[in-house]
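FYI, side chains are in, hydrogens and waters are out, and symmetry mates aren't considered; it's all heavy atoms of this structure. In what follows, chains are A, B, ... by sequence order, proteins preceding strands, each numbered from 1.
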Number of protein chains: 2
Amino acid sequence: MRKESSTNFENQQTLTDFCNASKTLQLISGRWKLSLLFSLLEHDRRSFSNFKQLLPAISDRMLALHLKQMTDDLLITKEKIEDGVFYTLTEKGKSLKKILSNLAEWQI
Amino acid sequence: MRKESSTNFENQQTLTDFCNASKTLQLISGRWKLSLLFSLLEHDRRSFSNFKQLLPAISDRMLALHLKQMTDDLLITKEKIEDGVFYTLTEKGKSLKKILSNLAEWQI
DNA sequence: CTCATTACTAACAATTTTGTGAGTTGCCCA
DNA sequence: TGGGCAACTCACAAAATTGTTAGTAATGAG
């Protein structure tokens with residue numbers, strides 16, 4: 001999906017190497033990620049279809065993509081339990097809580 | 001640049017309306033914005049060429065684009081002073097400081 | 001006056017992100 | 001054993017962001 005030789009890619013690379021904030025920002029950048037994270041902060045455990053109910057406009061593709069990225073980034077884990085597949089925040093994911101609430105509370 | 005009728009656009013719209021954090025995130029999303037903001041937090045006043053020195057890899061176009069967006073978003077102001085054009089943080093811009101440091105300090 | 005520099009803008013191309021529609025696999029229930 | 005649902009995946013298309021190259025207007029130095 002990403003081309004590993006392009007000015008675009010290299011610039012992003014350089015920035016995240018140089019600036020920790022950019023690295024952090026990357027983790028939560030993506031159309032639906034904030035909503036997914038907030039929903040997990042509230043509900044602790046969510047299935048694919050739970051998310052779809054919460055965000056009727058999201059496509060299966062985007063949902064799966066974001067979940068995969070966040071899993072790869074170790075923000076969430078996927079577990080198969082007797083009654084289905086569930087996503088949960090990892091400790092790393094939970095530690096974003098402060099940032100997320102700051103974003104939510106910020107005004108003017 | 002943005003098409004005002006597309007699922008893509010509408011989804012973004014809905015999310016920022018629904019979720020304040022998304023609105024906030026929008027303000028700081030953009031390849032070089034964090035670096036520009038951090039630089040203004042440190043130096044208070046910067047010119048176009050100051051930014052270019054700081055970020056040799058940025059193109060004139062992207063620099064101008066980000067500066068314009070941040071100006072439109074009222075995060076910065078542009079002032080023509082005797083020795084050139086300078087950009088400064090507004091109060092609104094400064095109030096992002098906490099969020100920015102949280103992003104920068106976040107680890108693991 | 002001429003040249004260089006600063007602060008841009010415009011046209012266009014490349015890259016990346018997001019969305020669509022149609023499958024696929026595994027499982028449960030009747 | 002056939003249908004339905006959950007949780008995906010795939011190929012492709014649309015849209016958005018980012019980068020490249022070549023300008024332009026205003027200012028100041030020589």
Side-chain angles (χ1 to χ4, degrees), chain A residues 1-16 22 25-36 45-72 76-88, chain B residues 1-16 22 25-36 45-72 76-88:
Chain A
M1 194 168 204
R2 279 194 149 252
K3 208 177 159 186
E4 303 211 348
S5 67
S6 68
T7 310
N8 192 329
F9 177 79
E10 278 165 32
N11 283 342
Q12 180 63 54
Q13 208 60 0
T14 307
L15 277 172
T16 50
S22 296
L25 193 55
Q26 273 287 98
L27 301 178
I28 57 175
S29 292
R31 177 68 46 92
W32 313 87
K33 278 188 189 171
L34 285 182
S35 302
L36 299 176
R45 162 188 284 219
R46 289 285 201 173
S47 67
F48 201 89
S49 45
N50 286 160
F51 288 124
K52 291 179 61 172
Q53 278 183 296
L54 182 74
L55 301 168
I58 201 175
S59 63
D60 284 15
R61 188 183 168 305
M62 286 309 293
L63 179 51
L65 193 58
H66 283 333
L67 290 173
K68 173 155 183 12
Q69 284 176 1
M70 296 198 288
T71 303
D72 290 349
I76 59 176
T77 42
K78 178 175 168 179
E79 298 173 276
K80 190 159 223 147
I81 309 185
E82 71 290 339
D83 50 342
V85 179
F86 289 92
Y87 295 90
T88 321
Chain B
M1 194 169 206
R2 279 193 148 252
K3 209 178 158 185
E4 304 211 347
S5 68
S6 67
T7 311
N8 193 328
F9 178 80
E10 279 165 32
N11 283 341
Q12 181 63 53
Q13 206 61 359
T14 308
L15 278 172
T16 50
S22 296
L25 192 55
Q26 275 286 98
L27 301 177
I28 57 175
S29 292
R31 177 68 46 93
W32 313 86
K33 279 187 189 171
L34 286 182
S35 303
L36 299 176
R45 163 190 283 221
R46 289 283 202 175
S47 67
F48 202 88
S49 46
N50 286 160
F51 287 125
K52 289 179 64 171
Q53 277 183 296
L54 183 75
L55 302 169
I58 201 176
S59 63
D60 284 14
R61 187 183 169 305
M62 286 309 293
L63 179 52
L65 192 59
H66 283 333
L67 290 174
K68 173 158 183 11
Q69 284 176 2
M70 295 198 289
T71 303
D72 290 349
I76 61 177
T77 43
K78 178 175 169 179
E79 298 174 276
K80 190 159 223 147
I81 309 184
E82 70 291 339
D83 51 340
V85 179
F86 290 92
Y87 294 91
T88 320

* Structure fact -> Closest heavy-atom pair, B:L15 versus A:S35, reported as atoms and distance to 0.1 Å, is CD2-OG, 3.3 Å
Can you give me every donor-acceptor pair (side chain of residues 55-68 of chain A, partner residue at least two apart or in another chain, under 3.5 Å) with its distance?
residue : atom : partner : partner atom : Å
A:S59   : OG   : A:M62   : N            : 3.2
A:D60   : OD1  : A:K52   : NZ           : 2.7
A:H66   : NE2  : A:W32   : N            : 3.3
A:K68   : NZ   : A:D72   : OD1          : 3.3
A:K68   : NZ   : A:D72   : OD2          : 2.7

* Structure fact -> Heavy-atom nearest pair, B:Y87 first then B:F51, reads CD1-CE1, 4.0 Å
* Could you state the CD1-P distance from B:I76 to C:dA7, rounded to the nearest angstrom? -> 13 Å
* **5'-most by nearest nucleotide on DNA chain C - A:S29 or B:S47** => B:S47
* What distance separates A:Q12 CD from A:S6 OG, expressed to the nearest 0.5 Å? -> 10.0 Å
* To do: Take nucleotides 24-30 of chain C nucleotide by nucleotide from the 5' end and write B, S or -, depending on whether a protein heavy atom sits under 4.0 Å from the base, only from the sugar-phosphate, or from neither.
  => -------
* Structure fact -> Here the gap from B:S22 atom OG to B:L27 atom CG, rounded to the nearest 0.5 Å, amounts to 11.0 Å
* Asked: Quick one: does A:K3's side chain get under 4.5 Å of A:F9's, heavy atoms only?
  -> no
* Asked: Any luck finding a side-chain donor-acceptor pair between B:R45 and B:N50 under 3.5 Å?
  -> no
* Check each residue of residues 50-59 of chain A for a non-hydrogen atom within less than 4.0 Å of any atom in DNA chain D, then write out the ones that pass by number, or none. => none
* Structure fact -> Here the distance between atom P of C:dC8 and atom CZ of B:F86, to the nearest Å, is 11 Å
* Of all nucleotides in DNA chain D with an atom under 4.0 Å from a non-hydrogen atom of chain B, which is the first and which the last going 5' to 3'? -> D:dA15 to D:dT20
* Please list, chain by chain and in numerical order, all residues satisfying side chain to side chain contact (heavy atoms under 4.5 Å, CB included) with A:T14, sequence neighbours excluded. => none
* Rounded to the nearest 0.5 Å, how far apart are CD of B:Q13 and CZ of B:R2? -> 8.0 Å
* Carefully, step by step, assess B:L25 and B:T16 under the rule side-chain contact (heavy atoms from CB on, under 4.5 Å). => CA-CA 9 Å; B:L25 192 55; B:T16 50; over 6 Å; no
* 5′-ward residue of the pair A:V85/A:N11 relative to DNA chain D -> A:V85
* Asked: Once each nucleotide of nucleotides 9-17 of chain C is scored for protein heavy atoms under 4.0 Å, what B/S/- sequence comes out, 5' to 3'?
  -> --B---SSB
* Structure fact -> One should read off an interatomic distance between A:L54 CG and A:S49 OG, to the nearest 0.5 angstrom, of 11.5 Å
* Would you name the heavy atoms of A:Q26 and A:K33 that are closest together and state the gap between them? => O-NZ, 4.1 Å
* Asked: Is the backbone of A:L36 close enough, under 3.5 Å, to the side chain of A:R46 for a donor and an acceptor to pair up by distance?
  -> no
